[in-house]
There are 2 protein chains.
Amino acid sequence: MVAHRPSTTICRFCAARPRGLCKDMQTEAEFETLQVLQYRTRSFRAGTQIYGPHDVKTHVYNITSGWVSLCHELPDGHRQISQFLTTGGLIGYRPVGQAFNGEIATALDEVTVCAVPSQHLSALLERQLSLNRRLIWMLGRDGLVTSHRLACVGQSKALTRVAYLLLELLIMTTGHTGHGDGTTVQLPLTQSHIADATGLTAIHVNRMVKQLRQDAIVDFHSSTLKVLNYSSLKQAAQVSQDVKEAWIIQSVPAPQSGGATA
Amino acid sequence: MVAHRPSTTICRFCAARPRGLCKDMQTEAEFETLQVLQYRTRSFRAGTQIYGPHDVKTHVYNITSGWVSLCHELPDGHRQISQFLTTGGLIGYRPVGQAFNGEIATALDEVTVCAVPSQHLSALLERQLSLNRRLIWMLGRDGLVTSHRLACVGQSKALTRVAYLLLELLIMTTGHTGHGDGTTVQLPLTQSHIADATGLTAIHVNRMVKQLRQDAIVDFHSSTLKVLNYSSLKQAAQVSQDVKEAWIIQSVPAPQSGGATA
DNA sequence: CGTGTGTTTGACATACCTCAAAGTCTGTGG
DNA sequence: CCACAGACTTTGAGGTATGTCAAACACACG
């Protein structure tokens with residue numbers, strides 16, 4: 001009953017860039033509304049800061065290509081990367097009334113985003129239910145992913161933490177969970193990034209990476225991740241199937257109405 | 001322009017229980033709709049499980065009194081508490097299409113909740129923008145709080161982690177950040193809970209609690225938290241003002257419309 | 001009075017960090 | 001083509017924060 005676009009857009013703001021994401025897009029009418037708005041695409045070079053911890057966030061960004069890290073900096077200089085994101089990820093949203101969220105968004109490689117003024121987003125949210133659905137889904141997913149990572153960092157040994165992160169990045173990149181051996185993916189990360197994300201030192205990450213290589217599980221080498229034994233990796237990472245599904249950005253189906261017909 | 005209720009309800013579903021939260025409630029019309037629905041209040045005794053990791057979540061719960069923990073259990077038996085929640089907190093929401101979120105919700109003391117069938121929530125979301133706003137705000141906040149906790153657990157020493165958690169619980173309870181010395185609050189927690197939340201062992205938590213007491217910072221003793229030196233606590237916890245604001249559940253103002261008037 | 005749960009303490013083990021330095025790779029400029 | 005600098009990786013030796021194990025203590029509850 002709802003007329004969908006040919007399901008080729010990944011950004012529901014600028015409606016640009018075909019790829020098989022976000023089929024939940026919008027109705028014809030909504031789509032046209034968005035097209036009229038024509039939000040700007042912006043690019044950031046590798047290593048560039050997209051926004052800082054104390055920037056007033058004027059925009060929300062939908063990533064259309066490249067990798068971004070979200071990082072917290074503590075007073076003592078330590079850093080914690082809370083999330084890596086790639087195509088389809090939404091960054092820069094902050095709860096209304098919250099001055100800052102304290103995180104730094106950094107482009108890890110060449111990144112393009114669709115920039116939506118926060119004001120516009122608020123206004124759009126008042127009129128487009130599909131957008132509300134989508135935002136709710138994204139925020140729910142991000143919270144879930146973060147809390148699982150918290151469980152990993154809080155309770156697991158170093159080897160498991162590294163394996164967990166590598167598996168997460170693998171699945172984020174390939175977009176499916178049942179992937180076999182021999183897969184190779186490019187990740188714009190150094191061992192220091194892995195250290196910041198896992199709560200370890202780069203030196204210890206190196207030892208773990210070395211061990212994963214020796215145990216013929218994965219080979220992470222100069223930004224290249226090669227899966228040597230996928231089932232061993234799953235085992236080393238100690239993740240359940242549920243978690244892996246949350247790592248994949250999916251489309252959100254329109255709800256079949258029912259209940260609450262007061 | 002929007003007619004607000006006398007700002008005495010804390011649950012926008014059953015519209016029950018006066019207390020000064022959630023003034024953002026709803027318009028007259030919305031309020032009446034909800035009243036008609038009359039969602040059920042449920043109670044859970046201390047230690048009871050509200051839902052398990054593999055329950056199909058039929059309901060979303062809005063906490064109207066008591067304390068709840070959200071906990072992940074890892075294959076190796078370790079547990080990570082990702083969040084403590086109290087009055088006003090929303091639990092049991094999961095992203096559409098996500099089978100399970102793997103978390104266990106446990107009542108820490110006598111807990112009452114307003115139970116909303118997930119089906120109804122979906123339907124209500126399709127019709128009430130204020131509810132969308134509220135859910136988006138809650139999810140955004142929860143994600144923020146969790147990512148800050150991740151930064152703490154990943155990068156801080158044991159003493160800081162414990163101080164951080166105690167400060168968080170203090171602020172959640174009192175509802176304001178600038179609180180002075182001598183404050184005493186009841187928390188239905190054991191040192192084991194703190195251990196599970198901070199990623200430490202209960203034994204080591206005990207050592208840290210002891211040190212905080214000896215350093216005259218806080219005294220946590222048989223479910224009672226007493227602040228001896230608030231500014232020392234802030235310092236020990238290493239939190240910025242931004243983070244503390246995120247710990248307080250606030251009302252969400254209706255947006256002043258503007259922009260995107262395509 | 002006994003039982004169970006939570007707290008406290010001590011001795012010891014170890015996973016991870018810190019410091020130091022060498023080794024690799026890549027890009028740059030002569 | 002070579003020399004050099006800079007970023008990243010790798011390795012080793014030693015220190016320390018935290019975990020593990022064991023046991024006593026305190027307190028509530030039946």
Side-chain angles (χ1 to χ4, degrees), chain A residues 45-48 69 74 76-81 106 108-109 152-166 186-214 218-226 236 238, chain B residues 45-48 69 74 76-81 106 108-109 152-166 186-214 218-226 236 238:
Chain A
R45 263 171 305 153
T48 315
S69 73
L74 278 74
D76 62 4
H78 283 174
R79 316 162 123 259
Q80 174 72 42
I81 293 177
T106 309
L108 297 173
D109 55 357
C152 175
V153 169
Q155 304 297 333
S156 300
K157 299 281 186 206
L159 191 72
T160 304
R161 292 194 222 173
V162 174
Y164 181 102
L165 180 62
L166 292 178
Q186 289 293 320
L187 303 170
L189 304 177
T190 68
Q191 295 185 354
S192 286
H193 288 121
I194 298 180
D196 288 340
T198 53
L200 303 167
T201 56
I203 292 174
H204 204 63
V205 166
N206 181 269
R207 291 193 263 258
M208 298 300 104
V209 167
K210 179 185 170 189
Q211 188 177 335
L212 287 170
R213 191 180 304 135
Q214 283 173 350
V218 292
D219 184 11
F220 180 72
H221 184 64
S222 62
S223 304
T224 309
L225 176 67
K226 180 166 187 178
Q238 291 195 306
Chain B
R45 265 171 304 155
T48 315
S69 72
L74 278 74
D76 62 2
H78 284 173
R79 317 161 122 258
Q80 173 72 41
I81 293 177
T106 308
L108 296 172
D109 55 357
C152 174
V153 169
Q155 305 296 333
S156 299
K157 298 281 184 204
L159 191 74
T160 303
R161 293 195 222 173
V162 174
Y164 181 102
L165 180 62
L166 292 177
Q186 289 293 319
L187 303 171
L189 303 178
T190 67
Q191 293 185 355
S192 286
H193 287 121
I194 298 179
D196 287 340
T198 53
L200 303 166
T201 57
I203 293 175
H204 203 63
V205 166
N206 181 271
R207 291 193 266 254
M208 298 302 104
V209 167
K210 178 184 170 189
Q211 187 179 336
L212 287 171
R213 191 181 303 136
Q214 283 174 348
V218 292
D219 184 10
F220 180 71
H221 184 64
S222 61
S223 303
T224 309
L225 175 67
K226 180 165 188 179
Q238 291 196 307

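Proteins get letters first, then strands, A, B, ... in listed order; numbering begins at 1 in each.
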Between [atom2] of [N] and [atom1] of [X], the distance in whole Å:
X         : N       : atom1 : atom2 : answer
Gln211(A) : dA15(C) : CD    : C1'   : 12 Å
Leu225(A) : dT9(D)  : CG    : C1'   : 17 Å
Asp219(A) : dT9(D)  : CG    : C1'   : 13 Å
His78(A)  : dC16(C) : NE2   : P     : 16 Å
Ile194(A) : dT10(D) : CD1   : P     : 11 Å
His204(B) : dA17(D) : NE2   : P     : 9 Å
Leu187(A) : dC8(D)  : CG    : P     : 16 Å
Leu189(A) : dT9(D)  : CG    : C1'   : 15 Å

Taking only the side-chain nitrogens and oxygens of [X], find out if one of them lies under 4.0 Å from OP1 or OP2 of [N].
X         : N      : answer
Asn206(B) : dT8(C) : yes
Lys210(B) : dT8(C) : no
Thr190(B) : dG6(C) : no

From Ser192(A) atom OG to Ile203(A) atom CD1, the distance as rounded to the nearest 0.5 Å: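 Ser192(A) OG to Ile203(A) CD1: 9.5 Å, rounded to 0.5 Å.
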
Starting at CG of Leu225(B), measure out to CG of Leu165(B) and round the result to the nearest 0.5 Å.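 These two atoms lie 9.5 Å from each other.
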
Looking at every non-hydrogen atom in both residues, tell me the closest pair between [X] and [Y] and how far apart they are.
X         : Y         : answer
His204(B) : Ala158(B) : CD2-CB, 3.6 Å
His193(A) : Ile81(A)  : O-CD1, 3.7 Å
Gln191(A) : Asn206(A) : OE1-ND2, 3.0 Å

Under 4.0 Å, counting only non-hydrogen atoms across every strand here, what does [X] touch: a base, just sugar-phosphate, or nothing?
X         : answer
Gly199(B) : sugar-phosphate
Arg161(A) : nothing
Ile203(B) : base

Between Gln191(B) and Leu200(A), which has a closest nucleotide on DNA chain C that is more 5'?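 Whichever sits nearer the 5' end wins; that is Gln191(B).
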
Closer to the 5' end of DNA chain C via nearest nucleotide, is it Arg207(B) or His221(A)?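 Per heavy-atom nearest nucleotide, the more 5' residue is Arg207(B).
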
Phe220(A) or Lys157(B): which one's nearest nucleotide on DNA chain D is closer to the 5' end?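 Comparing both residues, the 5'-ward one is Phe220(A).
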
